[in-house]
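Here the structure is laid out as structure tokens; the discussion comes afterwards.
The chains referred to below are lettered A, B, ... by the order of the sequence lines, with proteins before strands, and numbering in each begins at 1. Note that these values count all heavy atoms, side chains included, but never hydrogens, waters or copies made by symmetry.
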Amino acid sequence: MAAIERRIRYESELDPSFAREIIAFSGSPSLMACIQCGTCSSACPLSLYMDYTPRRIIAMVREGFKQEVLSSRTIWLCASCYACTVECPKQIRITDVMYALKRYAIREGVHPPRFPIPVLARLFYNTVRRRGRLTESWTVLRLYLQTMPLRIPGMSSLGWKLLRRGRFPLRPEGIRDRQGLQRVLRVVERQEVTA
Amino acid sequence: MSYLYFPGCSLKGTGRAYEESLLAVFRALGIPLTELADWNCCGATAYMSIDEHQAFALAARNLALAESQGSPADGAVQLIAPCSACYLVLLKAQQCLAADIALCQEITIALKEEGHCYRGRVRIRHPLDVLVHDVGLSEIARHVRQPLRGLKIACYYGCQIVRPFALFDRPHDPSTMDDLVRILGAEPVSWPLKTHCCGGSLTGTIPEVGWRLNYLLLREAQRRGAHLIVTVCPLCQFNLEAYQDQIRQRYPDLAPMPVLYFTQLIGMAMGLPPRELGLQRLLIPVDGLMAALSKEGAHARA
Amino acid sequence: MSKPKVAFYWCASCGGCEEAVVDLAEEILQVVEAVEIAFWPVALDFKREDVERLADGELAAAFINGAIRTSEQAEMAHLLRSKAQVLIAFGSCSHMGGVPGLANLFDREEILRYVYEEAPSVVNPQRVRPEERIEVDEGMLTLPAFWEGVQTLDQTVEVDYYLPGCPPPVGLIRSALQALLTGNLPPKGSVLAPDVALCAECPRKPTKPERLALKELKRPHQVLIDPETCLLAQGLLCLGPATRSGCGAACIAGNMPCTGCLGPTSRVLDGGAKALSALASLLDATEEAEIERILAGIPDPVGLFYRYSLPASLLHRRVGNGERLREGRSS
Amino acid sequence: MSERPMEGERSFEPRIVAFFCNWCTYTAADLAGTARMTYAPNIRIIRLMCSGRLDPQFVLAAFRHGADGVLIGGCHPGDCHYQEGNYKALRRYLLLKRLLREMGIEEERLRLEWISASEGDRVQKVANEFTETIRRLGPLRLAPRPGVIRLPVAALPEPSPAAREGALP
Amino acid sequence: MRAHEIYPNGGPRIGVYVCHCGLNIAGKVDVHEVVEFAKTLPFVVVAREYKFMCSDPGQEMIREDIREHRLNRVIVASCSPLLHEATFRRVLEQAGQNPFFFQMVNIREHVSWVTEDPREATEKAKALVAAAVRRVIFHEPLQRRRVPVKDHVLVVGGGIAGIHAALTLADAGKHVYLVEREPTIGGHMAMFDKTFPTLDCAACILTPKMSAVAAHPNITLWTYSEVIQVEGFVGNFRVRVRRKPRYVIEELCVGCLQCIDACVYKDARFPDEFNLGLGKRKPIYIPFPQATPRVVLIDPETCIWFKTGKCKRTCLEACERKAIDFEQQERIEEIEVGAIILATGFKTFDARRIPEYGYGKYPNVYTALEVERLVNAAGPTGGEVRLRDGRVPKRVGIIHCVGSRDERFNRYCSRVCCMYSLKLAHLIKERTGAEVYNFYIDMRTPGKGYEEFYDRLLQEGVHFIRGRVAEVTDWAITPEEEGKLIIRVEDTLIGVVRRIPVDMVVLAVGLEPQPDAEEVRRMFNISCSKEGFFLERHPKLAPVSTFTDGIFLAGACQGPKDIPDSVAQAGAAAAEALALIDKGYVELEPNTAYIVEELCSGCKTCISLCPYNAISFDEVRAIAVINEALCKGCGTCVAACPSGAARQHLFEDAQIFQEIEGVLAYV
């Protein structure tokens with residue numbers, strides 16, 4: 001039997017400042033103007049896989065349902081196709097809101113463990129920070145090792161084919177001025193913290 | 001006019017054929033492309049999910065490099081970004097920095113540390129835009145040696161070159177690539193999925209979801225009679241092409257469908273050697289089609 | 001020049017109409033002087049053959065009283081119609097069906113059963129009923145057929161004029177005869193009586209209030225009737241307003257309400273319905289229960305509103321068992 | 001006069017004449033139309049200015065000419081456009097029902113309904129209900145009436161002087 | 001006899017015209033079949049069909065036929081006669097025929113729109129056409145009666161609608177009687193602080209209009225007065241108005257208010273009606289500072305003199321003008337007017353009827369109207385939003401649709417609550433900085449600038465929770481709910497049930513008809529819609545007219561309405577009244593009853609039936625006579641006349657009998 005879940009929310013469980021934070025974070029004040037029309041949800045190619053539709057995410061952000069929003073899979077399923085953003089009648093930058101929520105979730109560390117998408121983001125981030133560029137082959141390999149090791153055999157033939165066609169170069173890419181880039185990024189980071 | 005060229009990480013990896021064909025076509029058209037020296041990752045999707053400001057800094061560094069390396073002929077340096085994600089992120093960074101003074105200051109200060117200077121004078125271009133609007137369809141037509149007669153093509157634009165910045169085409173029903181294909185002698189099929197999402201990195205992270213999206217795209221192209229799909233983005237091309245075996249295991253109704261970069265297609269029509277266009281790197285070969293084409297072409301010329 | 005020939009005949013009637021003719025008293029002698037009576041079975045010994053012998057149209061006029069219920073009555077009506085230039089329905093029964101017409105509230109079978117089997121004065125253990133045809137040694141005997149319902153004269157044959165009343169008032173008979181003799185006749189189909197309602201000649205008219213509001217309906221035996229005041233004003237169901245004048249308000253003179261024997265005026269299609277409408281309008285009540293309470297004072301609406309006119313009414317007969325109704329129709 | 005042939009119960013379609021007052025029920029019937037509230041097609045509406053104009057003769061004439069049911073529609077009590085015409089209609093109706101009862105006609109064949117101008121739905125409901133009632137009762141088997149029911153020619157009036165000259169001083 | 005001898009206007013030559021009304025009729029009724037059928041009917045000379053008979057070409061077709069085929073009777077089978085009878089009668093007139101040789105057949109509202117089966121619809125249409133053909137044979141030439149119109153107008157109700165209508169008419173030079181039940185005009189609008197969506201100050205835009213009414217030479221303003229009787233008809237109404245005693249002579253009082261200061265009650269201590277009991281007044285008072293007329297009044301229920309007969313009556317001395325008159329009696333005024341505009345407004349839903357919202361039980365549950373007073377600068381708190389204990393609320397919940405869209409109370413949407421809730425949300429947030437929650441079923445903001453206002457409120461951070469509140473309770477579960485009112489609601493957009501603790505609950509009560517709308521309706525002889533608002537003649541084409549000619553509607557008495565709509569409607573009503581009066585006369589339908597004198601027996605049955613006393617008894621001739629000027633044409637006397645001497649034009653027995661036979665003959 002499925003666990004019976006309490007479906008009531010007391011106001012004390014909500015975070016009244018959440019909406020403000022996300023607005024600041026996403027730079028989309030029009031979030032408040034959402035009329036809950038649902039265009040975003042129907043435009044989204046992935047909403048059918050989401051636990052909360054984008055519309056509901058907006059409503060929940062606005063009402064301070066921080067816990068639910070940050071732990072939802074919705075924000076990670078967003079593929080940044082911007083379909084919602086283009087069609088929103090209130091011009092809410094929903095994709096940016098999703099980005100903001102992803103960043104927030106990573107910062108708070110509330111995303112589901114071993115969930116591949118944030119893992120990929122983290123790998124990507126680390127690689128770029130270190131080398132200035134991404135080497136797809138290594139990033140993908142690491143992602144599979146960390147999140148889906150059992151699927152590696154199934155994908156090996158594809159890997160082999162790509163390797164043979166020169167599309168899976170194993171020599172790591174990188175820029176010359178790595179130290180310079182890292183310094184730039186650190187300055188940005190520092191400024192963000194102080195802000 | 002001269003263009004700087006920002007390849008982005010994918011064009012050095014899975015999308016090598018894109019770079020090869022792009023360079024070959026521009027070369028054949030007599031337009032010099034200079035690769036941006038010491039470019040770094042654009043700061044795309046995944047990075048932006050961790051830290052937006054750093055992502056903007058990454059983009060801005062590229063733009064600053066472009067400003068210093070380019071020769072601004074008509075006021076702005078033209079920077080070609082063939083990868084849709086790069087194209088979008090560079091544009092987005094530029095726009096956000098223009099709109100948010102505090103952010104702009106923050107980034108400018110950081111770049112200054114290393115002597116970079118960002119002034120916002122780069123014009124970020126997608127090669128499709130450049131080919132259709134700068135070079136012009138008639139100029140391209142002039143170079144067509146081997147018209148792609150009889151070839152039915154599904155033009156796939158993907159999300160990010162027309163969304164959210166619809167700078168050179170309509171976000172819902174773009175047509176530049178269709179026009180281009182027609183000039184090359186082929187027939188663009190009408191299909192409603194031109195800008196439907198391929199799932200981006202989801203094919204790697206949640207394969208079932210990503211594959212399903214790609215299956216729907218492929219099946220529709222097939223249903224509408226397309227012989228092949230043409231794309232403008234390395235990730236789209238990879239998603240559509242690379243997983244066809246896996247997809248077919250789940251959905252057996254799918255026949256192999258070649259997926260080409262639009263630059264490869266132009267090169268073919270211009271009669272450039274297949275190797276220069278990286279055709280050998282395709283997982284689903286187009287040799288058969290090519291053979292049929294050249295016969296058809298010969299026939300037509302006769 | 002020979003005197004015009006006239007005929008008198010009776011069908012389903014009580015004989016009162018014949019009396020009314022006799023009530024002309026000495027004037028009857030003038031009548032006899034002016035016309036030749038060719039047929040009057042009640043008064044003189046005529047036979048049907050006497051009529052049959054006449055040429056078509058030989059009779060200047062035929063007066064028929066009584067309603068039509070039997071085949072014989074119908075035959076006689078047809079016969080007289082063919083012989084007479086002018087056919088006059090004489091009295092309420094031939095005019096509108098009359099009191100015998102109230103039999104239309106019952107089926108033929110109900111009537112026969114009651115009359116021959118159920119009436120308290122009847123002893124008929126074998127339940128014998130008169131038969132239309134009966135075989136006897138001498139041959140076949142026939143009786144006139146007893147129809148399913150009562151008809152007016154004009155529902156049987158074409159009628160030229162109507163002399164209304166039960167019986168027709170002497171005055172009306174007199175002026176009708178005069179008109180007939182002088183040839184000064186109104187359009188065919190006319191009722192030979194004034195076309196204004198009885199109130200016009202009612203002596204009590206001045207006592208009728210302008211605003212009448214009846215809280216109770218009374219029947220003559222229930223009250224002591226004031227001999228001067230309008231009867232309706234006393235709560236009695238007087239049909240004078242809905243009935244033609246011409247009788248000199250004889251019943252009212254007798255301190256009894258008008259029962260409507262002269263029938264409605266020419267503008268009215270169904271006298272009963274009209275009288276009903278007028279009466280209902282005068283009730284002093286707006287609540288349904290109160291209206292019903294007052295209406296309980298009319299236990300027999302058909303008897304009140306169609307005492308003389310049921311066969312002539314729009315409904316004509318009671319709706320009973322459909323099967324029996326269908327077969328009984330003859331003409 | 002139109003006597004119609006007997007109909008089998010199954011094919012029986014009631015014929016209903018409705019007398020509606022101009023201000024309430026007729027308007028309500030218009031409203032039912034505007035609102036596209038479909039109802040049984042058996043109802044034939046005749047407009048009167050007021051239910052108080054309803055002469056009981058009209059009801060009997062309708063039955064005589066083949067109606068299986070007669071519906072009278074007026075304003076609600078107290079709402080009469082002419083103050084109290086509907087009360088007169090009510091009294092006549094109640095007495096008429098007594099008469100019909102004695103004549104062997106089912107009382108349900110005559111129905112009076114108060115329907116205000118805003119009650120289009122009520123027109124629909126009553127029309128449907130009444131049609132069903134009559135359908136259940138079957139055809140009114142009125143005995144055929146011999147003779148001709150002739151509108152007395154005298155019923156055609158000379159236009160009155162007032163009508164002819166029209167305008168008031 | 002030949003037909004032309006029997007029937008008026010010579011032998012009947014009938015034209016039958018069947019309208020398609022686009023597809024409204026033709027989509028259901030086989031119009032062609034009806035036309036072919038009509039051709040077979042006696043006396044029918046031509047029968048035609050046309051797309052839109054009421055159009056110019058349609059009308060011309062009839063005129064043409066009347067000339068060419070010498071038609072002397074016309075039948076149009078189309079929509080309801082209530083819509084186009086006048087149109088087609090005019091067509092006959094234009095073609096030189098008497099307009100009453102016309103009969104209209106309603107095959108749209110009564111056939112095509114209400115019948116499912118096309119076959120049955122066609123048959124029904126045929127029957128109705130047949131009836132009309134039979135009927136029209138018996139039509140007679142008639143003429144309309146002309147009656148002069150009084151050029152005064154009565155406006156009932158002194159809210160914004162009544163004020164606007166009165167001023168419009170007065171400015172056009174007509175004399176207006178403006179009758180208001182309350183001691184002042186201004187109505188509900190006078191109680192508001194701001195108006196949506198512009199947030200104009202209500203008083204700033206209303207008070208100038210109120211003073212204009214008081215000062216206008218063409219307006220007789222009777223406040224504290226009620227209409228008690230209405231007689232007559234369009235153009236000629238006789239109205240009686242009761243003027244209740246104020247115990248202050250209106251003509252003498254200058255509104256100095258010294259009497260109020262002088263009252264033996266030192267403090268105001270009686271609940272103040274204008275502030276809905278949130279403030280206090282003395283027995284002698286003025287409802288609010290801008291009250292119009294600016295005249296005080298004494299409430300005998302609270303005045304100690306009236307209650308006990310013992311008082312120093314300090315007010316009397318305080319009044320230099322000697323305007324106070326304890327002996328004043330009510331007065332009855334009689335006026336004659338040509339037109340009447342009803343602008344009697346609305347009342348708000350009684351929130352006590354929904355006990356689960358706790359109004360009357362929890363002191364901090366308010367109705368929206370009460371909050372209007374609280375936010376009003378001239379209100380009992382000087383515009384500060386304070387709870388009854390003086391605290392400033394930190395969280396406020398506004399519950400929409402209270403008494404609206406609820407089968408238990410009112411089915412309809414009250415139309416203004418969404419917008420006034422937005423306005424109150426804005427004002428409360430502005431004045432207190434409180435978090436404001438709106439609980440709504442649907443947001444309805446269809447007006448100029450309304451959606452934009454909603455958007456503004458969204459951006460201001462007012463919460464909008466889609467869900468109808470189940471209850472307001474003081475039952476606390478969590479510690480922070482202690483001492484609060486808890487609103488329990490399903491947030492349907494998020495999909496969870498929520499409990500939201502607030503300090504103040506505002507009930508957005510709906511609009512209802514005035515409690516005495518029924519009596520008023522009867523007095524003025526008009527109709528009400530189902531919910532009890534006055535019924536307009538046609539929802540689209542005659543939205544301010546009523547079924548009674550000469551009586552017009554303005555404002556919320558016709559249905560929930562906001563200020564701009566009320567004002568617009570008031571203007572429209574004024575224009576209609578003006579058109580009527582300026583024409584100078586009305587033409588009455590010639591459907592009067594008449595008595596054929598030589599046939600009348602003088603039975604007097606008819607006399608008592610006439611509600612208009614149009615029938616009298618002529619003692620000399622001993623018959624009844626009808627005054628056709630007084631007759632309204634109901635025909636009750638005609639139905640009752642036991643000898644058929646009383647008749648009715650346009651509804652002659654013969655015509656109706658023909659119609660009856662007609663509808664039955666062709667089924």
Side-chain angles (χ1 to χ4, degrees), chain C residues 187-189 191 193-214 230-233 237-246 249 252 258 260 262-284 286 305 314, chain E residues 1-2 5-6 134 138 522 593-627 634-649 651-661 664:
Chain C
K188 275 204 174 180
V191 176
D195 207 3
V196 183
L198 182 60
C199 296
E201 59 183 19
C202 179
R204 303 189 190 187
K205 180 174 169 183
T207 65
K208 187 173 185 184
E210 278 189 18
R211 296 193 176 270
L212 199 51
L214 303 176
C230 168
L231 293 158
L232 260 173
L237 299 170
C238 177
L239 294 190
T243 307
R244 276 179 194 263
S245 53
I252 283 107
C258 168
L262 267 77
T265 61
S266 66
R267 283 87 56 190
V268 174
L269 203 55
D270 187 295
K274 229 10 181 152
L276 177 152
S277 183
L279 182 68
S281 305
L282 294 177
L283 303 185
D284 185 17
T286 50
F305 297 117
L314 283 167
Chain E
M1 270 191 291
R2 311 272 301 251
E5 296 170 59
I6 305 174
R134 283 175 167 237
F138 290 85
R522 286 201 177 156
Y594 63 99
I595 287 174
V596 184
E597 297 181 345
E598 56 273 27
L599 303 180
C600 175
S601 74
C603 74
K604 302 175 189 166
T605 305
C606 52
I607 294 177
S608 66
L609 300 182
C610 182
Y612 306 105
N613 295 320
I615 315 178
S616 55
F617 191 69
D618 179 341
E619 296 289 348
V620 180
R621 291 181 293 166
I623 56 169
V625 285
I626 291 183
N627 179 346
C634 66
T636 303
C637 57
V638 183
C641 176
S643 68
R647 297 179 186 171
Q648 185 183 11
H649 295 305
F651 291 90
E652 297 283 358
D653 281 355
Q655 295 165 356
I656 296 166
F657 282 129
Q658 287 295 333
E659 225 177 329
I660 295 170
E661 271 194 70
L664 290 164

Do any N or O atoms from the side chain of E:Arg134 and from the backbone of E:Glu661 form a donor-acceptor pair under 3.5 angstrom?
no
Counting C-beta onward and ignoring hydrogens, is there a side-chain heavy-atom pair between C:Arg211 and C:Asp284 closer than 4.5 Å?
no
If contact means a heavy atom pair closer than 4.5 Å, which residues of residues 616-623 of chain E contact chain C?
E:Phe617, E:Glu619, E:Ala622
To the nearest 0.5 Å, what is the distance between CG on C:Asp270 and CZ on E:Phe657?
8.0 Å
If you check every heavy atom in residues 597-604 of chain E against those of chain C, which residues fall under 4.5 Å?
E:Glu598, E:Leu599, E:Cys600, E:Ser601, E:Gly602, E:Cys603, E:Lys604
Result block: side-chain N/O donor-acceptor pairs under 3.5 angstrom for residues 273-282 of chain C, not counting sequence neighbours:
from: C:Lys274; atom 1: NZ; to: D:Asp55; atom 2: OD2; distance (Å): 2.9
from: C:Lys274; atom 1: NZ; to: E:Val638; atom 2: O; distance (Å): 2.9
from: C:Lys274; atom 1: NZ; to: E:Ala639; atom 2: O; distance (Å): 3.1
from: C:Lys274; atom 1: NZ; to: E:Cys641; atom 2: O; distance (Å): 3.0
from: C:Ser277; atom 1: OG; to: D:Arg92; atom 2: NE; distance (Å): 3.1
from: C:Ser277; atom 1: OG; to: E:Ala639; atom 2: O; distance (Å): 2.7
from: C:Ser281; atom 1: OG; to: C:Ser277; atom 2: O; distance (Å): 2.6
from: C:Ser281; atom 1: OG; to: D:Arg92; atom 2: NE; distance (Å): 3.1
from: C:Ser281; atom 1: OG; to: D:Arg92; atom 2: NH2; distance (Å): 2.9

Is there a side-chain contact between C:Ser266 and C:Val191 (heavy atoms, below 4.5 Å)?
no
Got a list of side-chain donor-acceptor pairs under 3.5 Å for residues 239-246 of chain C, not counting sequence neighbours?
from: C:Thr243; atom 1: OG1; to: C:Leu239; atom 2: O; distance (Å): 2.7
from: C:Arg244; atom 1: NE; to: C:Pro264; atom 2: O; distance (Å): 3.0
from: C:Arg244; atom 1: NH1; to: C:Ala193; atom 2: O; distance (Å): 3.3
from: C:Arg244; atom 1: NH1; to: C:Pro194; atom 2: O; distance (Å): 3.3
from: C:Arg244; atom 1: NH1; to: C:Asp195; atom 2: OD1; distance (Å): 3.3
from: C:Ser245; atom 1: OG; to: C:Val196; atom 2: O; distance (Å): 2.9

At their closest point, which heavy atom of C:Ala233 faces which heavy atom of C:Leu212, and how far apart are they?
CA-CD1, 3.8 Å
So how far is it from C:Leu231 CG to C:Ile252 CD1, rounded to the nearest 0.5 Å?
6.0 Å
Out of curiosity, E:His649 NE2 to E:Gln655 CD, how far, rounded to the nearest 0.5 Å?
10.5 Å
